[in-house]
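All remarks here apply to the structure that follows.
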Amino acid sequence: MDNKRFEQLLLAVQKPGRYSGGEVNSIVKNKGDVDVRFAFCFPDTYEIGMSHLGMKILYSQFNKREDIWCERVFAPWIDFEKVMRENNIPLFGLESRDSIAEFDFIGFTMQYEMCYTNVLNMLDLAGLPLKSCDRNALSPIVVAGGPCACNPEPLADFIDLFFLGEGEEVDLEVIDLYKEVKKSGGSKQEFLCRAAKIEGVYVPSLYDVAYNEDGTVKSVTPSDGAPATVKKRIIKDMDSAYYPDKFVVPYIEIVHDRIVQEIFRGCIRGCRFCQAGYIYRPVREKSADTVNRQARDLCASSGYDEISMSSLSTSDYRELEPLLNKMLEWTEPNHISLALPSLRIDNFSDELLQKINHVRKSGLTFAPEAGTQRLRDVINKNITEEEILRTCRTAFAGGYTAVKLYFMLGLPTETDEDLKGIADLGQKIVNEFYALENRPRGKSVTVTISVATFVPKPFTPFEFEPQITKAEMERKQQYLRSCITTKKITLNWHDSSTSFLEGAFARGDRRMGKIIEAAYKKGCRFDGWSECFDLEKWLQAFEECGISPDFYSARKREFDEVNPWDHLDYGVTKRFLTAQNKLAHKAVTTPNCREKCAGCGADCYGEGVCYEKR
């Protein structure tokens with residue numbers, strides 16, 4: 001389709017900038033000069049995908065090689081999908097506008113379970129068969145990675161191979177193998193069998209799953225030389241790891257419209273509900289000099305005036321104070337603000353507050369997660385109420401009048417008393433503001449409480465726990481609302497229907513694939529968006545496939561049950577997760593990794609916090 005006709009069609013959609021391409025720092029190559037074309041697909045809107053750091057890193061790294069051209073692809077919103085189907089426009093790469101069916105690789109980054117139907121929709125828009133077994137040619141190879149790949153089984157029918165862990169090295173090794181097989185005239189099956197021998201690569205078609213009479217997994221058996229256990233990959237040296245010096249600068253506003261500077265990977269804390277805290281172990285830090293240099297390069301190439309430090313727990317970065325001192329030397333005179341998300345309550349200080357106040361003051365966000373000390377001990381949060389209140393006093397004394405707090409609802413062993421504790425803690429924080437002698441005059445305080453429903457996730461100590469039912473979610477939400485008696489506190493919560501479905505996806509097995517396909521054929525897509533989500537269609541899909549969602553979400557699992565992901569190794573042993581689960585039920589905490597090694601198993605990588613001097 002010529003550009004003029006394409007531009008005319010874009011006038012019929014809400015945000016043409018999602019599909020136009022041509023942004024500053026985007027990379028266009030001559031397709032005749034490259035050996036491999038890679039479509040990097042984000043199965044959600046442009047605004048969300050363009051905010052994702054992993055896409056920024058791999059897009060730049062792939063394109064740094066002369067033999068690879070990586071293009072960006074996003075899920076078209078409902079209005080543009082309609083235009084595409086009516087005008088026979090296949091799903092295309094933003095840089096070339098070529099159909100991704102012509103590419104060598106179609107790669108999905110799976111950040112959220114509620115995007116699964118978007119994967120199927122994007123394959124269909126490309127004109128490709130949905131199932132891997134129906135795509136027989138060597139290209140395109142459909143691959144996927146990201147946090148959802150730690151339980152890839154619900155998508156096993158549709159994806160040719162999964163990348164487990166961090167992709168900077170393993171992705172390129174697979175691309176090089178593909179070039180070799182393509183040059184020799186080899187088949188897709190040959191490529192997959194050889195790829196399965198690369199550490200960090202999981203090829204689901206090479207594994208046979210057997211089930212017990214009660215529906216649980218009996219065994220997972222490899223074939224064609226595939227390893228019995230697939231181990232995730234990590235980047236060991238963060239200072240030498242690739243990091244882009246340019247980000248593509250969008251024409252439209254995106255969710256995180258700023259520079260994102262990664263400072264370390266992993267987390268030392270061990271919160272028992274947090275999947276990211278386990279699957280990214282061990283902690284590996286960049287040096288302050290590396291972070292400072294990379295951030296400065298990105299500012300120079302993009303023109304952004306805000307830098308957000310990316311990590312799971314920013315204030316746990318050992319060189320945070322010297323880093324901020326280095327960065328303030330050039331950010332302050334250039335009016336560039338520094339954002340420090342993911343701050344810990346127990347190491348927030350006056351000094352840190354003063355540093356982040358230098359350029360621009362925004363709201364502060366903390367995550368107590370539970371309203372009572374007993375439940376915070378169950379989840380291993382390792383913070384006290386006094387630490388929470390002291391941190392809020394520090395923030396209020398520093399001129400802040402708004403605090404946002406994140407909590408979880410439906411945690412294992414939770415009672416109504418724990419829920420009331422959330423409201424009581426919010427009220428105590430309000431009282432702290434008004435008890436402060438030097439509080440900002442003429443201003444009132446706002447405490448925003450955001451409550452997410454607990455979803456048991458693989459590779460956490462709570463992978464064995466049942467999720468509460470949808471009805472119980474709604475009851476608990478209403479009870480919590482009744483406990484809040486002041487307009488100074490704003491309460492937000494996640495939709496119970498999507499949390500319920502996410503719980504089924506998170507711990508699902510291969511049989512979930514037919515449910516996802518059935519729901520997709522009923523019109524499900526963008527299930528994480530309230531305006532698109534249709535629970536009734538999903539319930540119909542479950543019923544037609546003869547499977548109850550409660551089997552995956554609301555069932556307690558025995559420690560010796562074979563989980564659908566047990567043949568995958570993320571460095572944290574099942575023995576450790578079992579021990580942590582038992583400690584949780586006794587409300588016994590475990591020190592963080594820098595205080596004492598708990599023996600999780602992540603030291604098998606030979607790097608990071610496991611080998612720091614304590």
Side-chain angles (χ1 to χ4, degrees), residues 113 147 150-151 153 214 216-217 229 232 266-282 312 367-383 407-415 418 452-469 472-473 476 499 502-509 550-593 595-604 610:
E113 290 88 349
C150 73
N151 179 21
E153 296 304 283
D214 63 0
T216 58
V217 175
T229 302
K232 77 167 182 181
C267 184
I268 62 172
R269 295 292 172 170
C271 297
R272 290 170 179 145
F273 60 86
C274 180
Q275 186 181 59
Y278 289 94
I279 65 173
Y280 293 119
R281 287 187 177 202
L312 292 175
E369 307 293 3
T372 63
Q373 193 59 49
R374 184 199 70 82
L375 194 54
R376 285 193 292 273
D377 290 344
V378 167
I379 64 176
N380 204 45
K381 192 65 186 176
N382 277 321
I383 57 172
F407 292 90
M408 301 197 80
L409 175 147
L411 287 162
T413 78
E414 180 185 80
T415 65
D418 297 311
T453 300
F454 165 70
V455 177
K457 293 290 180 88
F459 297 103
T460 70
F462 290 160
E463 69 177 20
F464 312 100
E465 296 294 328
Q467 184 183 36
I468 59 173
T469 63
E472 183 65 358
M473 291 177 201
K476 285 175 178 282
S499 298
E502 184 185 343
F505 285 148
R507 297 188 297 171
D509 54 41
D550 288 346
F551 176 78
Y552 297 115
S553 63
R555 177 175 62 85
K556 182 173 177 60
R557 303 186 180 209
E558 299 301 324
F559 294 136
D560 60 355
E561 178 178 330
V562 177
N563 289 312
W565 54 88
D566 277 355
H567 57 300
L568 310 179
D569 179 4
Y570 271 74
V572 178
T573 66
K574 192 171 183 178
R575 182 178 61 182
F576 171 78
L577 298 177
T578 301
Q580 285 292 304
N581 182 280
K582 292 176 180 177
L583 290 175
H585 282 275
K586 297 176 182 176
V588 175
T589 61
T590 300
N592 74 60
C593 298
E595 292 176 340
K596 183 181 179 181
C597 176
C600 73
D603 61 347
C604 65
C610 308

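Since this is a predicted model, take the numbers as computed values, not measurements. We count residues from 1, following the sequence as given.
Shown here for E414 and L409, the closest heavy-atom pair between the two residues is OE2-CA, 3.6 Å. Residues P456 and P466 approach most closely at CG-C, 4.2 Å, considering heavy atoms. Counting all heavy atoms, side chain and backbone alike, G503 lies closest to S553 at C-CB, 3.7 Å. Of all heavy-atom pairs spanning N380 and G270, the tightest one is ND2-O, 3.1 Å. Between N151 and P564, the closest heavy-atom pair is OD1-CB, 4.2 Å. Considering all non-hydrogen atoms of both residues, A506 and W565 come closest at O-CZ3, 4.5 Å.
In this structure, K232 and L568 have side chains that are not in contact, with every pair of non-hydrogen atoms separated by 4.5 Å or more. Contact annotation: the side chain of T578 approaches that of F464 to within less than 4.5 Å [non-hydrogen atoms, C-beta and beyond]. Counting only heavy atoms from C-beta outward, the side chains of L411 and I379 approach each other to under 4.5 Å. Side-chain contact between P458 and Q275: present, with at least one pair of heavy atoms (C-beta onward) separated by less than 4.5 Å. With a 4.5 Å cut-off on side-chain heavy atoms, R272 and L583 count as touching. Residues E369 and C271 are not in side-chain contact: their nearest non-hydrogen atoms beyond the backbone lie 4.5 Å or more apart.
Under a 4.0 Å N-O distance rule, the pair R507/E113 does not qualify as a salt bridge. The pair E561-R555 meets the salt-bridge criterion, with a side-chain N (NZ, NE, NH1 or NH2) lying under 4.0 Å from an Asp/Glu carboxylate O.
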Using the side-chain hydrogen bond (donor to acceptor under 3.5 Å, both in side chains) rule, take D418 and T415 through it: C-alpha gap first, then chi angles, then the decisive distance, then the call. CA-CA 5 Å; D418 297 311; T415 65; 3.1 Å; yes

As a quick check of understanding, evaluate side-chain hydrogen bond (donor to acceptor under 3.5 Å, both in side chains) for T216 and R557, giving each step before the final call. CA-CA 10 Å; T216 58; R557 303 186 180 209; over 6 Å; no

T453 vs E502, test: side chain to side chain contact (heavy atoms under 4.5 Å, CB included). Steps then yes/no.
CA-CA 10 Å; T453 300; E502 184 185 343; over 6 Å; no

(message) With side chain to side chain contact (heavy atoms under 4.5 Å, CB included) as the criterion, how do I279 and K457 come out once you've worked through the C-alpha distance, each side chain's angles and the decisive distance to 0.1 Å?
(response) CA-CA 11 Å; I279 65 173; K457 293 290 180 88; over 6 Å; no

_One pair to check against side chain to side chain contact (heavy atoms under 4.5 Å, CB included): L577 and F559. What are the steps and the verdict?_
CA-CA 9 Å; L577 298 177; F559 294 136; over 6 Å; no

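Distance check, rounded to the nearest 0.5 Å: CD of E463 to CD of E465 gives 10.0 Å. In this structure, CE in M473 is found 5.5 Å from OG in S499, a value given to the nearest 0.5 Å. Within the model, atoms NZ of K574 and CG of D566 stand 3.5 Å from one another, a figure rounded to the nearest 0.5 Å. Note that the CZ atom of R269 and the SG atom of C274 stand 12.5 Å from one another [nearest 0.5 Å]. Between the CG atom in D550 and the CD atom in Q467 there is a gap of 9.0 Å [rounded to 0.5 Å].
With hydrogens and angles left out, the side-chain atoms of T589 and D377 include no donor and acceptor closer than 3.5 Å.
Between F454 and the options F462, F273, F407, a ring-ring contact (aromatic ring centres under 6.0 Å, His included) holds for only F462.
By the 30° and 60° cut-offs, the orientation of the rings of Y570 relative to F459 is tilted.
In this structure a side-chain-to-backbone donor-acceptor pair under 3.5 Å is missing from K596 to T590.
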